[in-house]
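Let me begin by presenting the structure, written as C-alpha cells, before commenting on it.
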Amino acid sequence: MNVLVVNCGSSSLKYQLINSDTESVLAKGLCERIGIDGRLVYQKAGLDKEFTEAPMPTHKQAIQMVLDALVNEKTGAIKSLSEIDAVGHRLVHGGEKFSSSCVINDEVIKGVEECNDLAPLHNPANLIGVRACQELMPNVPMVGVFDTAFHQTMPATAYIYGLPYEYYEKYKVRRYGFHGTSHSFVSKRVAELVGKNYEDLKIIVCHLGNGASVSAVKNGKCVDTSMGLTPLEGLLMGTRSGDLDPSILEFICQKENLTVSEMLTVLNKKSGVEGISGVSSDFRDLTAAAESGNEKAALAIESFCYRVAKYVGAYAAAMNGVDVIAFTAGIGENDDNVRSKIMGYLGYLGIGLNEEVNKKTHGDDAMISTADSKVQAWVVPTNEELAICRETVALVK
Ligand code: AMP
C-alpha cells in the first residue's frame with residue numbers, strides 16, 4: 001500500500017508518501033507560506049530537492065501542488081493518484097474522546113472540532129488539511145493519528161491538576177501530553193532493541209527536540225508524561241518555558257504591562273533555552289556559543305539537562321524503577337554532549353555511560369550505557385511519519 005502522510009499546520013504542510021510494504025519513503029517535502037505566497041519543497045527518493053515558488057492561497061491549492069508533483073511525468077513518485085491507497089493525518093488534540101487512531105468520518109471530524117478549544121492553533125489547521133484532502137481525493141480512506149492518544153492510559157493520579165475539580169468536569173482541564181506518536185513508536189522500538197517483551201518493561205522516553213517531553217511507559221502503557229493541557233508544561237524547550245510558578249504570569253504582566261495572552265506568547269515563543277541564552281533555540285548554536293565562553297548559553301544547556309534528569313528521576317519513582325531510558329528527536333538523537341550531561345545525573349540508578357559509543361552516535365540506534373549498567377540507555381531515532389503510516393494501514397487494510 002502507498003500511504004500519504006500529512007501533517008498540516010496553519011501556514012505549512014509536511015508530507016511523505018510511504019510504501020507500507022517496504023516502509024520506504026517514495027517522496028517527501030513540505031508546502032510553506034500557505035496563504036501568504038507559497039513554496040513547495042519536493043523530493044523524490046534518491047533525487048535532489050526541488051523548490052517551486054507558486055501561489056498557494058489555500059491548503060487545497062497546496063495539496064493539489066503536492067499531488068501534481070507526486071504524479072509529475074519526470075520526477076513523480078507514482079504514475080497516477082489511484083496509487084495513493086490511504087491518507088494518514090497527524091491530528092494534535094483528541095482530548096478524552098480519542099484514545100487511539102481512527103478512520104476519519106463526519107463524526108470523527110465533529111469530535112476533533114469539539115477539542116478545538118484545547119488546541120486552538122493546531123486542531124483547526126489539521127482539519128483544514130483533512131477537508132482539503134477529502135475534496136481532492138474523495139474516495140481515498142483517511143485516518144487520524146492523535147498526538148495525545150498514546151497518553152490516554154495515564155491514571156487520574158497523573159493527569160489531574162491540583163485545581164478545583166469542577167474545572168476538570170466543566171472544561172476538561174487535565175494533563176493530556178503530546179508527542180504521543182513518537183513516545184509510542186520509540187518505546188516499542190527500544191523494547192525490540194533490548195530484546196524483551198514490551199509489556200514487561202519500564203521505559204522512560206526522552207523526546208528531546210525543539211519541543212521536548214518525557215514519558216513513563218510501564219508494561220506497554222503510558223503512565224505519565226511531562227507535557228500538560230498544552231505543550232507548554234514540563235521540560236525547558238527551544239522557546240517554551242516548561243514548568244514554572246504560575247504566579248510569575250501576573251507578576252510579569254504587571255511589571256511589563258503585558259496581557260495574559262501576550263505573556264503566553266512570551267512563555268511559548270521567547271522563553272526556554274533561547275530565552276535564557278539570548279542566543280538561539282538551536283542546540284548547535286548554543287553549544288558553539290557556550291564553547292566560546294558565553295555563560296548564559298552554558299547555563300541554558302545545563303538547565304535543560306538538569307530538568308530532563310529531574311523528570312527521569314520522577315518517572316523512575318512513578319514506575320517504582322526503570323529498565324530502559326531512550327533518547328530521541330533532534331537533540332536526543334544527535335547531541336552527545338547533552339546526553340552525556342543528562343546521564344551524569346543518573347549514576348544513582350546504577351547506570352553508566354559508554355562514552356565512546358555515545359560520542360559517535362548521531363541519528364542511529366545504539367546502546368549508550370555500559371554493559372554492566374543496571375538500566376540500559378539507548379538512542380532510538382523517532383519516525384512519526386512511519387508510525388502514522390503503520391496506524392493508517394492497520395485501520396484501512
Ligand atoms: P526536532 O524538533 O526533533 O526536529 O529537533 C530540532 C532540534 O534538534 C534543533 O533545534 C536542534 O536544537 C537539535 N539538533 C538537530 N541536529 C542537531 C545536531 N547535530 N547536534 C545538536 N543538536 C541538534
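Worth knowing before you read on, the calculation uses all heavy atoms, side chains too, and leaves out hydrogens, waters and symmetry mates. Counting convention: from 1, in listed order, for ligands and their atoms alike. Owing to the predicted nature of the structure, the values given are computational and were not obtained by experimental measurement. Along the sequence shown, the residues carry numbers beginning at 1.
- For the pair R307 and Y311, the NZ or CZ position fails the cation-pi test of under 6.0 Å to the six-membered ring centre and within 45 degrees of the ring normal.
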What are the atom names and distances for all N or O pairs under 3.5 Å between ligand 1 and the protein?
| from | atom 1 | to | atom 2 | distance (Å) |
| --- | --- | --- | --- | --- |
| ligand 1 | 2 (O) | N210 | N | 2.9 |
| ligand 1 | 3 (O) | G330 | N | 2.9 |
| ligand 1 | 8 (O) | I331 | N | 3.4 |
| ligand 1 | 12 (O) | F283 | N | 2.8 |
| ligand 1 | 16 (N) | R284 | NH1 | 3.4 |

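- Its side chain outside the 4.5 Å cluster rule for every partner, I36 clusters with none of the Ile, Leu, Val, Met, Phe, Trp and Tyr residues.
- The distance between the ring centers of Y167 and Y161 does not fall below 6.0 angstrom.
- The pair E114-K110 meets the salt-bridge criterion, since a charged nitrogen lies less than 4.0 angstrom from a carboxylate oxygen.
- With respect to D37 and R33, a salt bridge is recorded, a charged nitrogen being found less than 4.0 Å from a carboxylate O.
- Between K270 atom NZ and S241 atom OG the span is 14.0 Å, to the nearest 0.5 Å.
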